[in-house]
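For reference, the structure discussed in these notes is given below.
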Amino acid sequence: MESKSFKVGDIVKMKKPHPCGSYEWEILRTGMDFGIKCCGCGHFVMLARPKFEKAVKAVVTPDTEK
Ligand SMILES: [Zn+2]
């Protein structure tokens, strides 16, 4: 299994949209639980890592970060 690495500040695209219509979330916390903030409405949620990884479709962080 390929294990993706996520870091604080990454923008991720979810498989399902938030009720506000946005697919993109910013990672604010990593670890056992991930804290993510909706880029559309600013809503913050905590998700267990496995749940988070299942919900993510892609990491869309710009390359300029590296
Ligand atoms: Zn939202």
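In each ligand, atom 1 is the first atom listed, and ligand 1 is the first ligand listed.
More than 12 non-hydrogen atoms from other residues, nucleotides or ligands lie less than 6.0 angstrom from NZ of K15.
The side-chain contact (heavy atoms from CB on, under 4.5 Å) search around I27 returns F6, D10, V12, T30, F34, I36, F52, not counting sequence neighbours. For H43, the ring pair (Phe, Tyr, Trp, His ring centres under 6.0 Å) partners are H18, not counting sequence neighbours. In this view, Y23 and K13, P17 satisfy the side-chain contact (heavy atoms from CB on, under 4.5 Å) rule, not counting sequence neighbours.
Using a 4.5 Å cut-off on side-chain heavy atoms (C-beta onward), D33 and R49 make no contact.
Residue-and-atom listing of protein N/O/S atoms under 2.8 Å from the Zn ion (ligand 1), sorted by chain and number: H18 ND1, C20 SG, C38 SG, C41 SG.
Remark: E53 CD to L47 CG distance equals 11.0 Å, nearest 0.5 Å.
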